[in-house]
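Below, read A as the first sequence line, B as the second, and so on, with proteins coming before strands; counting in each chain starts at 1.
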Number of protein chains: 2
Amino acid sequence: MATAKALKSPARVRGKKSPRATPAAPAKATPARARKLQSTRVAILESALSHFARRGFEGASTREISQSAGVRHGMIRHIYGSKDELWREVIGFLFERMHAEVPPTADPGNQDDVVYWKKWVRWYIGYSARHPDHGRLMVQQSIMQGPQLEWAAEQFIRSRHLWHFPAIERMKAKKLLPDVDTVCLFFMINAACQMIYVLAPEIKAVDGRDVFDPREIEKHIDAVFATFLR
Amino acid sequence: MATAKALKSPARVRGKKSPRATPAAPAKATPARARKLQSTRVAILESALSHFARRGFEGASTREISQSAGVRHGMIRHIYGSKDELWREVIGFLFERMHAEVPPTADPGNQDDVVYWKKWVRWYIGYSARHPDHGRLMVQQSIMQGPQLEWAAEQFIRSRHLWHFPAIERMKAKKLLPDVDTVCLFFMINAACQMIYVLAPEIKAVDGRDVFDPREIEKHIDAVFATFLR
DNA sequence: TTTGTCGCTATCCAATCGGATAATGAACTC
DNA sequence: GAGTTCATTATCCGATTGGATAGCGACAAA
């Protein structure tokens with residue numbers, strides 16, 4: 001009956017009396033118990049990430065998510081309150097995990113832009129191959145066009161873009177990257193690094209190639225270098 | 001209960017006694033009636049394409065699809081038999097429409113490879129901007145990993161790849177394209193052309209840019225030229 | 001040991017899902 | 001005009017959905 005199935009706007013301010021937020025340490029330190037809860041929480045988040053990425057928000061059922069996580073489906077409501085909130089926590093979990101995997105050498109401060117860019121591309125391609133669900137979830141999120149896209153944009157994505165733009169423009173000025181619109185260029189680089197893993201099943205079906213093979217990954221890195229750097 | 005929710009394998013050979021196939025003309029030429037049916041069929045296909053692309057196979061409901069098409073949900077079963085079959089017909093409809101939009105100048109026979117490639121990129125970017133749901137549906141299809149991915153691969157996608165590979169390799173040999181693995185290069189070009197429109201809502205939310213603006217499209221075309229051609 | 005917290009489950013609920021069946025009624029054939 | 005076809009709908013079905021409620025029972029504090 002035309003009920004709005006899109007995600008509700010994330011009105012929660014993470015501090016009311018909602019069923020507890022993600023940040024690790026619970027108020028009272030009851031060691032064993034809190035650790036168990038945390039592991040359950042992570043299991044649900046990982047399962048939800050996989051299901052959401054593959055079947056979309058509405059296609060993924062909380063029952064299947066909880067089953068893959070080894071708990072009953074009541075847990076999701078108990079911990080996250082609703083499917084909407086679970087989605088948001090999954091997005092947060094995704095970027096938290098990504099930031100945790102950024103290597104410590106990723107300080108653009110004192111190194112040459114090209115060296116830094118090559119390091120970043122190499123890392124990002126490895127990350128995308130390790131976690132193809134990242135790109136898949138982002139595509140789902142973008143296609144969904146719900147109000148939480150705005151939320152994710154200003155919460156996680158925009159800062160990442162603004163972080164990379166200055167270096168890209170410096171490299172453009174030095175004729176090291178093609179002299180085209182920065183946003184356009186960034187998206188092309190991003191897509192060139194990530195989409196091959198997002199669409200891995202298609203490439204396997206069409207060309208019979210396993211893009212996750214380490215040798216293929218190495219070829220892919222070289223391809224991105226050769227294509228964009230000059 | 002681990003019920004298999006994935007699409008069933010397309011066992012139908014399009015000729016048994018299933019509820020009639022897509023090809024335009026019905027056996028008996030009953031002018032007005034057949035035309036009405038055809039328009040209903042197209043309305044359902046267009047609506048289904050939009051819904052499937054945005055919400056995925058399981059997220060899109062046949063009731064909403066039929067409502068957007070202006071019919072009751074029984075029609076889908078009557079015409080297509082099942083949701084599975086509707087998905088397959090939508091894929092077919094998508095590529096049929098794409099081929100119908102390929103300009104007549106697209107004969108690679110006697111023209112310079114570069115001229116042909118530039119024409120193709122220009123056309124493909126326009127097509128992707130006109131129909132962002134194409135890329136979205138393909139992403140959904142690939143992510144789903146059902147048996148119909150194999151079907152679509154050999155039915156529609158592989159031939160398209162094989163069509164482009166020889167020209168790409170000739171251009172690589174002439175140092176007109178970066179000398180990297182062909183499959184990898186083709187996917188990067190493809191993604192560079194298409195993903196900006198697939199992810200248009202994200203770009204709008206993050207950078208506030210409307211990628212469908214004709215001037216932006218023109219800039220995008222130049223960006224792809226400048227990035228890949230040398 | 002006693003008491004209470006809280007991680008977790010069992011179970012119910014209304015809504016919606018894809019699909020099946022039977023009937024309607026306008027367009028067509030004769 | 002009578003009879004037939006068939007595009008379309010109304011309506012039912014069992015299964016599954018996200019969510020709500022009422023606990024259970026292992027653990028921790030006393």
Would you mind reading off the distance between [X] atom [atom1] and [N] atom [atom2], rounded to a whole angstrom?
X: A/Arg41; N: C/dG7; atom1: CZ; atom2: P; answer: 9 Å
X: A/Gln38; N: C/dC8; atom1: CD; atom2: P; answer: 11 Å
X: B/Gln67; N: D/dT8; atom1: CD; atom2: C1'; answer: 16 Å
X: A/Arg55; N: C/dC17; atom1: CZ; atom2: C1'; answer: 14 Å
X: B/Asp84; N: C/dG18; atom1: CG; atom2: C1'; answer: 10 Å
X: B/Ile65; N: C/dC17; atom1: CD1; atom2: P; answer: 10 Å
X: A/Trp87; N: D/dG19; atom1: CH2; atom2: P; answer: 14 Å
X: A/Met75; N: D/dT21; atom1: CE; atom2: C1'; answer: 16 Å

>> Tell me whether the rings of A/Trp151 and A/Phe156 are parallel (<30°), tilted (30 to 60°) or perpendicular (>60°).
In response: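 Plane angle over 60°, so perpendicular.
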Counting just side-chain N and O atoms, does [X] come under 4.0 Å of either OP1 or OP2 of [N]?
X: A/Lys36; N: C/dC8; answer: yes
X: B/Thr62; N: C/dG18; answer: yes
X: A/Lys83; N: D/dG18; answer: yes
X: A/Thr40; N: C/dC8; answer: yes

Centroid separation under 6.0 Å, is that true for the rings of [Y] and [X]?
X: A/His161; Y: A/Phe187; result: yes
X: A/Tyr80; Y: A/Trp87; result: no
X: B/His220; Y: B/Tyr197; result: yes
X: A/His134; Y: A/Phe95; result: yes

> Considering heavy-atom distances to DNA chain C, does A/Arg63 or A/Arg72 have its closest nucleotide positioned more toward the 5' end?
Replying inline: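 Here A/Arg72 is the residue nearer the 5' end.
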> Counting side-chain heavy atoms from CB outward, which of D/dT9, D/dT8, C/dC8 is closest to A/His78?
Replying inline: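 Of the candidates, C/dC8 comes closest.
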> Which one, C/dG7, C/dG19, D/dT8, comes nearest to the side chain of A/Leu37?
Replying inline: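 Nucleotide nearest to A/Leu37's side chain: C/dG7.
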>> Looking at A/His73 and D/dG18, is any side-chain donor or acceptor paired with a base atom of the opposite kind under 3.5 Å?
In response: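 No such pair is found, so the answer is no.
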